[in-house]
Undergrad: 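Take a look at the following structure, please.
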2 protein chains.
Amino acid sequence: MNIGDVSQASGLPAKTIRYYEDIGLVLPLRGGNGYRDFRESDVHKLTFVSRARSLGFSIEECRMLLSLYEDRTRASADVKDVARSTLDRIEVKIAELNAMKATLSTLVKKCHGDDRPDCPILDNLSEAPA
Amino acid sequence: MNIGDVSQASGLPAKTIRYYEDIGLVLPLRGGNGYRDFRESDVHKLTFVSRARSLGFSIEECRMLLSLYEDRTRASADVKDVARSTLDRIEVKIAELNAMKATLSTLVKKCHGDDRPDCPILDNLSEAPA
DNA sequence: GTAGGGGTTCCAGCAACTGGAAGGTCAAGA
DNA sequence: TCTTGACCTTCCAGTTGCTGGAACCCCTAC
């Protein structure tokens with residue numbers, strides 16, 4: 001299977017797949033012409049990574065999940081740990097963004113947004129620290 | 001004022017302040033010893049940027065806000081536009097993270113997290129695409 | 001044979017810093 | 001006066017996760 005087909009199948013750009021090979025996430029074979037030759041298992045792995053990434057797992061977490069996936073004897077608790085720490089990171093990020101959103105939307109609401117130069121947004125940014 | 005004092009005053013690491021000079025956000029003077037010599041206005045700007053960054057404004061948005069701040073005749077509407085587009089970005093990001101969180105927490109809940117090898121998280125990641 | 005659509009490598013760049021090495025400067029104390 | 005240690009300087013490299021582009025090879029169809 002060539003990289004283009006794998007790209008189709010996994011939903012990942014070819015560039016990204018080459019990058020994933022670079023960092024050792026997949027190790028496709030090579031044909032006589034130098035082309036990468038992907039096995040079904042490579043495609044499966046890449047699809048796996050593609051989804052894990054879209055769920056917010058980092059590359060290193062994906063690497064860990066893959067190795068857990070390949071270890072038929074691993075405990076589900078190990079996987080759950082990775083997932084939970086990802087979930088924690090996501091929740092922290094959401095909280096931060098919500099705080100930003102709250103402040104910013106208050107400011108946007110306060111700003112009359114007309115031709116006059118006075119603006120509560122800039123005023124707030126340049127105020128003395130609390 | 002030396003960089004260390006400015007770092008204290010603005011809450012930004014010295015490294016970051018040097019970086020901000022590199023990219024032209026501030027242009028401190030130089031003393032005879034080669035040390036950066038920050039004016040009050042530089043400190044003010046850096047504090048401004050520090051807060052704007054923590055509200056999720058990108059560096060380029062900060063640059064714009066600074067120039068709007070320095071333009072005493074600008075319309076508040078211009079500032080409001082920048083703030084609103086930042087707010088939009090933040091909201092999109094929050095929505096994405098919430099979607100991730102929902103899927104992931106469902107999976108974490110389903111996973112019994114014990115010594116047994118079967119795990120709904122990995123099963124989900126390796127399932128055929130919807 | 002030539003045109004196109006693959007594929008390959010390598011190098012550079014994005015955002016926004018951060019770390020570290022190698023060295024200059026300054027103020028205080030013995 | 002010398003030394004110690006904190007502070008400053010520059011420059012280069014690395015982080016995360018790709019992405020774009022150049023220059024080139026390969027394969028198939030007409």
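Treat the numbers as computed from the prediction; the structure is a model and nothing was measured. Each chain gets a letter, A, B and so on, in the order its sequence line appears, and its residues count up from 1.
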Undergrad: My understanding is that only residues two or more places apart in sequence, or in another chain, count here; which of them pass side-chain hydrogen bond (donor to acceptor under 3.5 Å, both in side chains) with A/Asp118?
TA: A/His112
Undergrad: Is there side-chain contact between A/Ile59 and A/Arg53, with at least one heavy-atom pair below 4.5 Å?
TA: yes
Undergrad: Please list, by residue number, the residues of residues 18-28 of chain B whose heavy atoms come closer than 4.0 Å to an atom of DNA chain D; answer none if no residue qualifies.
TA: B/Arg18
Undergrad: Check whether any side-chain heavy atom of A/Pro117 sits under 4.5 Å from a side-chain heavy atom of B/Thr73, and report yes or no.
TA: no
Undergrad: My understanding is that only residues two or more places apart in sequence, or in another chain, count here; which of them pass side-chain contact (heavy atoms from CB on, under 4.5 Å) with A/Ala14?
TA: A/Ile3, A/Arg18
Undergrad: Rounding to a whole Å, what distance do you find between A/Glu61:CD and D/dT16:P?
TA: 12 Å
Undergrad: Indicate, yes or no, whether a donor-acceptor pair under 3.5 Å links the base of D/dG17 to the side chain of A/Lys15.
TA: no
Undergrad: Applying side-chain contact (heavy atoms from CB on, under 4.5 Å), can you list everything that pairs with B/Asp5, at least two apart in sequence or on another chain?
TA: B/Met1, B/Asn2
Undergrad: Calculate the interatomic distance between A/Leu46 atom CG and D/dC18 atom P; express it in whole Å.
TA: 12 Å
Undergrad: Atom NZ in B/Lys110, atom SG in B/Cys119: separation rounded to 0.5 Å?
TA: 11.0 Å
Undergrad: Listed in order of residue number, which residues of residues 89-100 of chain B have a non-hydrogen atom at under 4.0 Å from DNA chain C?
TA: none
Undergrad: What does the inter-axis angle of the helix from C/dG1-D/dC30 to C/dA30-D/dT1 come out as, five pairs per end, nearest 10 degrees?
TA: 30°
Undergrad: Tell me every residue that passes side-chain contact (heavy atoms from CB on, under 4.5 Å) with B/Lys93, counting only those two or more places apart in sequence or in another chain.
TA: A/Leu97, B/Glu96, B/Leu97
Undergrad: Taking a hydrophobic cluster as the set of Ile, Leu, Val, Met, Phe, Trp and Tyr residues connected by side-chain heavy atoms closer than 4.5 Å, whether directly or through intermediates, do B/Met64 and B/Ile23 fall within one such cluster?
TA: yes
Undergrad: Can you list the residues that meet the side-chain hydrogen bond (donor to acceptor under 3.5 Å, both in side chains) rule with B/Arg84, with sequence neighbours excluded?
TA: none
Undergrad: Does the side chain of A/Thr16 get closer than 4.0 angstrom to OP1 or OP2 of D/dT19 through an N or O atom?
TA: yes
Undergrad: Just the table, please: protein N/O against nucleotides 23-27 of chain D N/O, every pair under 3.5 Å.
TA:
none

Undergrad: Side chains of A/Leu29 and A/Phe38: closer than 4.5 Å at any heavy-atom pair?
TA: no
Undergrad: Would you say that A/Thr86 contacts A/Leu55 through its side chain, given a criterion of any heavy-atom pair below 4.5 Å between the two side chains?
TA: no
Undergrad: How far does NZ of A/Lys109 sit from CG of B/Leu87, to the nearest 0.5 angstrom?
TA: 9.0 Å
Undergrad: Below 4.0 Å from chain B heavy atoms, what is the first contacting nucleotide of DNA chain C and what is the last?
TA: C/dA16 to C/dC26
Undergrad: Who passes side-chain contact (heavy atoms from CB on, under 4.5 Å) against A/Glu70, sequence neighbours left out?
TA: A/Lys45
Undergrad: For residues 34-43 of chain A, pull every pair meeting side chain to side chain donor-acceptor pair (under 3.5 Å), keeping only residues two or more places apart or in separate chains.
TA: A/Glu21-A/Arg36, A/Arg39-A/Asp42
Undergrad: Within the structure provided, determine whether B/Leu65 and B/Phe48 are in side-chain contact (heavy-atom separation under 4.5 Å).
TA: yes
Undergrad: Could you check how far CD1 of A/Ile3 sits from C1' of D/dC18, rounded to whole Å?
TA: 14 Å
